[in-house]
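See below for the structure under consideration.
The chains referred to below are lettered A, B, ... by the order of the sequence lines, with proteins before strands, and numbering in each begins at 1.
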There are 2 protein chains.
Amino acid sequence: MTPSIVNASPNASLRYCEIGRCLLRVARVSCNFTHQSVCSIPGFSLRYECQPHEILFRENDPSENLFVLRRGLIKLTTVSIDGHAQIVGLAVPGQLVGFETKSKKARRFTAETVTPVTVCRLRNGDMLRVLKQNPPVAMAVIELVNHELLEAQQFIRMLRKRSAEKRVAWFLLSLASHAAPGATIPLALSRREIAELLGLTVETVSRLMSSFRRSGLIDAPRGGLRIRQAERLQACVNKPERH
Amino acid sequence: MTPSIVNASPNASLRYCEIGRCLLRVARVSCNFTHQSVCSIPGFSLRYECQPHEILFRENDPSENLFVLRRGLIKLTTVSIDGHAQIVGLAVPGQLVGFETKSKKARRFTAETVTPVTVCRLRNGDMLRVLKQNPPVAMAVIELVNHELLEAQQFIRMLRKRSAEKRVAWFLLSLASHAAPGATIPLALSRREIAELLGLTVETVSRLMSSFRRSGLIDAPRGGLRIRQAERLQACVNKPERH
DNA sequence: CGCAGGCTTGACGCTGATCAAGGGCTGTGG
DNA sequence: CCACAGCCCTTGATCAGCGTCAAGCCTGCG
């Protein structure tokens with residue numbers, strides 16, 4: 001079955017969402033901004049609850065909406081020349097997904113939920129209008145985008161640190177960092193998806209996770225993950241340098 | 001000899017710089033914004049001409065200033081645990097270098113010129129004030145940062161495409177894309193720096209550039225570079241897919 | 001002249017991709 | 001109910017790309 005598209009089937013529970021609580025609170029910004037000045041546009045922002053494997057938007061579609069991710073995990077993929085899907089990144093709560101300064105521009109990737117997700121949907125055009133009229137919101141967006149840029153740069157540094165072991169350890173830790181320590185968290189991504197994200201192969205990821213499991217660093221129950229010795233995993237990321 | 005620090009030795013020719021021409025024109029934004037509203041702060045922005053190997057700021061210093069790069073190339077480095085410098089990225093004209101939403105924050109990298117460079121220097125605090133008061137400038141900054149984010153994501157995709165040959169070909173093309181086609185451009189980075197940037201070793205980069213030279217794809221005179229057959233280089237980046 | 005540092009080239013070995021086989025789980029249809 | 005197909009995951013065997021080590025060349029500089 002092909003996943004549903006949110007734009008086409010807004011069947012989930014939805015209600016109007018105040019940008020003050022959605023965008024700004026997620027961005028952890030405190031500013032003297034008045035709620036009404038932003039939300040004067042009726043239907044400005046809609047809140048959705050999505051199931052896993054729903055498509056928020058597809059590559060090459062026009063960039064009509066943007067989404068503020070409040071809960072859950074979204075994967076961003078493109079299909080490469082050989083017709084094979086390729087993960088280009090993950091979005092975590094607090095991130096803007098699909099924001100474009102030109103709303104006519106084609107999407108550069110497909111956005112698909114991998115866990116149950118809460119998002120707020122806005123029209124890119126409305127967003128741009130608000131940004132022009134509302135400096136505090138613009139500041140919040142600058143902080144958000146800047147923060148994403150920093151994370152991308154960290155990811156780049158990680159990818160250059162060539163060892164596969166470090167990549168997998170890093171990935172597991174960053175997954176767990178969004179959850180309570182010691183808890184068993186759902187491992188929403190398949191081995192194949194992890195491999196694509198880290199630039200490895202399924203076999204290598206599988207071997208390394210088995211190795212971590214045998215060494216007692218993690219538990220890997222069906223579709224789940226529990227970090228048992230975060231320090232040793234972290235040491236695995238940091239210690240052995242190259243060159 | 002250690003490179004000079006711009007903050008400490010503003011000996012280059014400098015003059016006041018209008019942000020309207022500096023930030024906004026570089027950002028290629030047209031908006032109905034008045035020049036005076038931004039430049040009302042005396043000494044708001046200073047234009048510098050820098051020599052190669054000058055330090056704009058150092059890792060861990062407080063983020064006092066930001067720079068708008070108008071001309072030239074700047075490399076961003078951190079020193080890793082073993083005390084060895086590691087390139088984290090390059091800045092090209094039009095980019096903001098060292099922008100922070102919290103001006104107390106420590107720099108996350110060192111910024112050093114690699115070519116003759118023209119930059120505009122602003123205090124981060126002044127910049128934030130302007131952003132709060134001047135939506136068009138905020139919009140321009142959002143576009144700039146968003147654009148950088150896109151480039152970082154492209155770079156990530158390139159890094160995952162594992163072949164060393166593709167990385168080097170991609171790098172040469174992206175260097176040349178900022179210059180006239182067919183021209184001999186200065187290759188400001190050493191083999192070592194290229195290798196660090198691409199996550200390879202000096203030897204591999206050297207071998208591949210020799211190979212490209214022998215195949216007639218490029219000329220590599222001392223400290224220079226000329227693309228002879230951009231199409232074949234591009235084909236080298238695109239054609240052979242993995243997985 | 002001698003030394004240092006950047007670049008090139010060669011020989012070798014390790015890491016991780018590739019190829020292959022098998023087990024477990026799920027859904028589907030007889 | 002079972003049989004079977006398909007997918008995901010795991011593990012093993014082999015191979016090759018690139019890192020590592022080493023040597024030599026060239027340029028610049030003291």
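- Side-chain atoms of A:Glu203 and base atoms of C:dC19 include a donor and an acceptor less than 3.5 Å apart.
- With sequence neighbours excluded, the residues satisfying side-chain contact (heavy atoms from CB on, under 4.5 Å) with A:Pro116 are A:Pro52, A:Arg71.
- Listed by chain and residue number, nothing satisfies the salt bridge (charged side-chain N to carboxylate O under 4.0 Å, His left out) test with B:Arg213 (two or more places apart in sequence, or in another chain).
- Among the protein residues, B:Ser190 comes within range of the sugar-phosphate backbone only, with heavy atoms under 4.0 Å from sugar or phosphate atoms but none that close to a base.
- Interface remark: the A:Arg167 side chain does not form any donor-acceptor pair with the C:dG16 base, using a distance-only criterion of under 3.5 Å.
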Polar-atom pairs under 3.5 Å, protein N or O versus N or O of nucleotides 23-25 of chain D: list them with distances, or write none.
none

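- Distance from the side chain of A:Arg191 is smallest to D:dT10 among D:dT10, C:dC7, C:dG16.
- Annotation: side-chain contact (heavy atoms from CB on, under 4.5 Å) contacts of B:Ala230 (sequence neighbours excluded): B:Leu173, B:Ile227.
- Taking A:Gln154 as the reference, A:Arg157 meet the side-chain contact (heavy atoms from CB on, under 4.5 Å) condition, with sequence neighbours excluded.
- One finds no salt bridge joining A:Arg207 and A:Glu203 here, because no Lys/Arg side-chain nitrogen approaches an Asp/Glu carboxylate oxygen to under 4.0 Å.
- Atom CG in A:Leu208 sits about 14 Å away from atom C1' in D:dC9, given to the nearest Å.
- Residues from residues 210-225 of chain B placing a heavy atom under 4.0 Å of any atom in DNA chain C, listed by number, are B:Ser210, B:Arg213, B:Arg214.
- Whole-Å rounding puts the B:Glu165 CD to D:dC18 P distance at 8 Å.
- When rounded to the nearest whole Å, the span between CG of B:Leu159 and P of D:dC18 equals 13 Å.
- Scored by the side-chain contact (heavy atoms from CB on, under 4.5 Å) test, A:Ala195 finds A:Val205 as partners (sequence neighbours excluded).
- The nearest whole Å value for the distance from the CZ atom in A:Arg160 to the C1' atom in D:dC18 is 17 Å.
- Rounded to whole Å, the distance from CG on A:Leu187 to C1' on D:dC8 is 13 Å.
- Every residue two or more places apart in sequence or in another chain that forms a ring pair (Phe, Tyr, Trp, His ring centres under 6.0 Å) with B:Phe155 is listed here: B:Trp170.
- Per the geometry, CG belonging to B:Leu200 stands 18 Å off P belonging to C:dT15, to the nearest Å.
- Put simply, the side chain of A:Pro186 does not reach to within 4.5 Å of the side chain of A:Thr115, judged on heavy atoms.
- Within 3.5 Å, a donor on the side chain of A:Arg207 pairs with an acceptor on the base of D:dG12, or the reverse.
- Pairs engaging residues 214-224 of chain A under the salt bridge (charged side-chain N to carboxylate O under 4.0 Å, His left out) rule: A:Asp219-A:Arg226, A:Asp219-A:Arg228 [sequence neighbours left out].
- Under a cut-off of 6.0 angstrom, the local environment of CD in A:Gln51 is sparse, with at most 12 non-hydrogen atoms contributed by other residues, nucleotides or ligands.
- Following rounding to the nearest Å, B:Glu193 (CD) and C:dC7 (C1') show an atom-to-atom distance of 14 Å.
- Separating the NE2 atom of B:His53 from the P atom of C:dG5 is a distance of 15 Å, rounded to the nearest angstrom.
- Of the candidates D:dT20, C:dG16, D:dG12, the closest approach to any side-chain atom of A:Thr204 belongs to C:dG16.
- The B:Ser206 side chain lies nearest to C:dT9 when the options are C:dG16, D:dC9, C:dT9.
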